[in-house]
Amino acid sequence: MPAVLHVVLVQWRPDAADWDREAVRVAVRGMASRIPGIIALEEGPSVSPEGLERGHDYGFVVTFDDAAARDSYLPHPEHLAAADRIGAAAAQVTVFDVAAR
């Protein structure tokens with residue numbers, strides 16, 4: 001089965017405090033070592049010169065061994081904790097999964 005790239009884009013709420021944003025980043029980074037099936041995890045603000053973020057301020061990409069690993073991640077307590085932090089600080093979240101070739 002092919003690897004799965006799980007792309008998450010976040011637009012922060014205007015009133016989200018810096019410490020809320022940093023708590024999200026810490027929670028997201030922590031998933032890499034705590035959730036089985038994660039091959040790689042990259043996170044941070046956009047560095048694109050194109051300016052096509054459409055309001056998204058932050059993003060992360062999780063590479064999973066396969067779709068089964070991604071499916072196990074979704075209900076994992078570490079993911080749910082990170083998702084709760086994101087939900088509390090985000091105005092909008094976009095999620096897009098791609099099967100790697």
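All values below come from the heavy atoms of this structure, side chains included, with hydrogens, waters and symmetry mates left out.
Hydrophobic clustering (ILVMFWY, side-chain heavy atoms < 4.5 Å, transitive): V62 and L9 are in distinct clusters. Cluster annotation: Y58 is connected to V8 through the hydrophobic network of ILVMFWY side chains, with a link wherever side-chain heavy atoms come within less than 4.5 Å.
In this view, D97 and R70 satisfy the salt bridge (charged side-chain N to carboxylate O under 4.0 Å, His left out) rule, not counting sequence neighbours. Partners of D15 by salt bridge (charged side-chain N to carboxylate O under 4.0 Å, His left out), not counting sequence neighbours, listed by chain and number: R13.
Sorted by first then second residue, the salt bridge (charged side-chain N to carboxylate O under 4.0 Å, His left out) pairs that include residues 46-68, not counting sequence neighbours, number zero.
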Between side-chain atoms of residues 86-96 and protein atoms elsewhere (two or more places apart, or another chain), which donor-acceptor pairs fall under 3.5 Å?
from, atom 1, to, atom 2, distance (Å)
T94, OG1, H56, NE2, 3.0

Would you be so kind as to tabulate the donor-acceptor pairs closer than 3.5 Å made by side chains of residues 31-42, with sequence neighbours excluded?
from, atom 1, to, atom 2, distance (Å)
S33, OG, G30, O, 3.4
R34, NH1, G30, O, 3.4

Distance-only donor-acceptor hits, side chain of residues 76-85, under 3.5 Å, sequence neighbours excluded:
from, atom 1, to, atom 2, distance (Å)
H76, ND1, E78, N, 3.0
H79, ND1, L74, O, 2.8
H79, NE2, Y73, OH, 3.4

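Using a cutoff of 4.0 Å between basic side-chain nitrogens and carboxylate oxygens, E43 and R21 are not scored as salt-bridged.
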